[in-house]
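Ligands are counted one by one from 1 in listed order, and the atoms in each one are counted from 1 as well. Model, not experiment: these values are computed from the prediction.
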Amino acid sequence: MAEIQRFDVIIIGSGPGGYVGAIRAGQLGLKVACVEKAPTLGGTCLNVGCIPSKALLDSSEWFSQAQHKFAGHGVVCDSLRLDLPTMLGRKDAVVKGLTQGIASLFKKHGVARLQGSARFRDAQTLEITGENGEQQIVQAKAIVIATGSEPIALPSLPFDGKRIVSSTEALCFSQAPQHLVVVGGGAIGLELGSVWLRLGAKVTVVELMPRLIPGAADAQIASTLQRALTKQGFSFRLGSKVTQGVVQNGEVTLTVEDSKGAQSELKADRVLVAVGRKAYAAGLGAQEIGVAYDERGRVIVDKHYQTNVPGVYAIGDVIAGPMLAHKAEEEGVALAEILAGKPGHVNYEVIPGIVYTWPEVATVGLSEEAAKAAEITYKTGTFFFLANGRARCMDETEGLVKIVADAKTDRVLGVHIVGPRASDIIAEAVMAMEFGASAEDIARTMHGHPTLPEAIREAALNVEKRSRQS
Ligand SMILES: Cc1cc2nc3c(=O)[nH]c(=O)nc-3n(C[C@H](O)[C@H](O)[C@H](O)COP(=O)(O)OP(=O)(O)OC[C@H]3O[C@@H](n4cnc5c(N)ncnc54)[C@H](O)[C@@H]3O)c2cc1C
């Protein structure tokens, strides 16, 4: 066995938490290594998550626009057809380019890339087993668990990788399903449902809660999205659960039970189970060295991301909090700074949450329901894209912006958008909230015209009932 290599920090996992944290540690002069068991860097996000899903969402949106919207702009496509292999190939090329980019960034910032599966021997020692079984021992003063998450399987509907699949397989169907049933009306289910609906599938979403994106968006925003997706062709079975799935002759027969206990059958050629993700730390040996986990299998950390075992830290999807790439990234940066003796910090009050359907949903901070539940006296301002000049030019007038502000101080508590390019527009609201802005601050900020973000300003004006729609 080769000589033991020693580092200041070793990060296990090269997802957005791990790779961003490793680069920041390198920038701060720490001797850092990042261990990854998959052949490519980037974790869930780059390989089977954010990036491939958005690549397909963008491509399929072009196809849908060409079918349904171009003619209204006077652009006529007489012989439009789908070339799915090219679309999937482009997605793979985008992923390849970005994952290779991380390898270059590692070189640039002096991050050692260690290939293989890491397992704790003790709090400062890892055993890394490569693909061919060869082993390497590495040591560090600080070891960071950034091993991410994996899809949750339903006992009534176990994954078979072909007919009953997770998001990973739904990113590469070689042809559009005839009928795709999506179990789970959250971000991942609605995004991948949108991709395949646009490419020709009939799509039915079965969701346990009585509304879409439960827990993540304002109710008015969720119902506006539901109306828009229904118009596009989605069918919804809300307040319903799948109790059984039987695969026979390439078809899945699902038993669906509604909130009153009534049962019905749904038949599908593909079923995407997208009911959430759970922390992943299998085979890591962390429990064996005494690292504590919560009841949902997440590694427990203190506010400096340290576990109960001194010198062992954790960040990203494997710890509590929203399972989002940008949350993992910020934790990676904050922890690297803490380990370098700097005051690393993450503001958990302003984490944007985005659903990349069309229209898109983007939200940050408190929803109206959450403000009510917290007994905060609040006021709201809304503005509909129907009255936004740019949205009219684009012919994308569906949706609205809603601002929730503290009734006494006018401080912005939350911003909720459903509409065109909500994913981009929300950045302004996140920045405003990061700086503790009031609704009046946004209302007095000059915005370029005509632009979609003007809708945010108008919603802020509407908090004082001063917008043009008021
Ligand atoms: C379809 C889909 C779409 C998504 N879209 C978005 C989106 O648009 N925006 C967003 O913010 N989030 C999105 N997410 C969520 C996002 O991908 C995750 O929140 C993010 O990847 C979490 O980052 P992480 O660094 O914690 O872990 P991960 O990205 O999961 O990375 C963990 C890495 O650790 C490695 N690993 C695990 N165990 C070991 C071991 N023992 N040794 C070595 N390596 C190990 C794994 O191979 C993996 O590469 C999406 C997820 C999915 C599935």
Side-chain angles (χ1 to χ4, degrees), residues 10-22 33-58 91 95 99 102 113-120 126-131 136 138 143-152 165-172 182 184 186-195 216 272-286 298-299 305 314-333 335 351-357 360-362 423:
I10 301 173
I11 303 182
I12 309 169
S14 71
Y19 90 78
V20 173
C34 183
V35 195
E36 176 53 63
K37 66 177 179 175
T40 51
L41 298 171
T44 303
C45 172
L46 271 78
N47 291 284
V48 291
C50 325
I51 297 302
S53 59
K54 266 82 254 179
L56 286 182
L57 278 155
D58 283 332
K91 174 225 10 160
V95 167
T99 55
I102 300 178
R113 176 180 177 180
L114 305 175
Q115 276 174 296
S117 198
R119 187 177 172 84
F120 281 97
L126 290 174
E127 186 181 282
I128 299 171
T129 310
E131 235 178 46
Q136 187 183 353
V138 288
I143 297 183
V144 183
I145 302 170
T147 49
S149 61
E150 61 178 347
I152 293 178
V165 302
S166 74
S167 54
T168 302
E169 294 81 22
L171 287 165
C172 30
V182 178
I188 294 177
L190 295 179
E191 289 179 6
L192 291 174
S194 292
V195 166
L272 163 62
V273 179
V275 292
R277 297 178 60 84
K278 60 177 185 202
Y280 175 82
L284 194 61
R298 300 174 299 193
V299 176
Y305 307 103
I315 54 167
D317 279 10
V318 80
I319 66 168
M323 289 185 169
L324 292 169
H326 39 282
K327 177 256 191 192
E329 284 183 21
E330 290 308 311
E331 289 176 345
V333 169
L335 177 55
I351 301 178
I354 299 165
V355 188
Y356 296 79
T357 44
E360 294 179 334
V361 169
S423 58

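Within 4.0 Å of ligand 1, protein heavy atoms belong to Ile12, Gly13, Ser14, Gly15, Pro16, Gly17, Gly18, Val35, Glu36, Lys37, Gly43, Thr44, Cys45, Val48, Gly49, Cys50, Ser53, Lys54, Gly116, Ser117, Ala118, Ala146, Thr147, Gly148, Ser149, Ser167, Ile188, Arg277, Tyr280, Leu284, Gly316, Asp317, Met323, Leu324, Ala325, His326, Ala328, Tyr356, listed by chain and number.
The backbone N or O of Leu41 sits less than 3.5 Å from a side-chain atom of Asn47, completing a donor-acceptor pair. Glu360 contributes a side-chain N or O that, together with a main-chain N or O of Ser423, makes up a donor-acceptor pair within less than 3.5 Å. Side-chain atoms of Thr357 never come within 3.5 Å of backbone atoms of Glu191 as a donor-acceptor pair (strictly under, hydrogens ignored).
The two residues Met323 and Asp317 have their closest heavy-atom pair at CA-OD1, 3.2 Å.
No side-chain heavy atom of Ile351 sits less than 4.5 Å from a side-chain heavy atom of Glu330.
Qualifying side-chain hydrogen bond (donor to acceptor under 3.5 Å, both in side chains) partners for Tyr356, counting only residues two or more places apart in sequence or in other chains: none.
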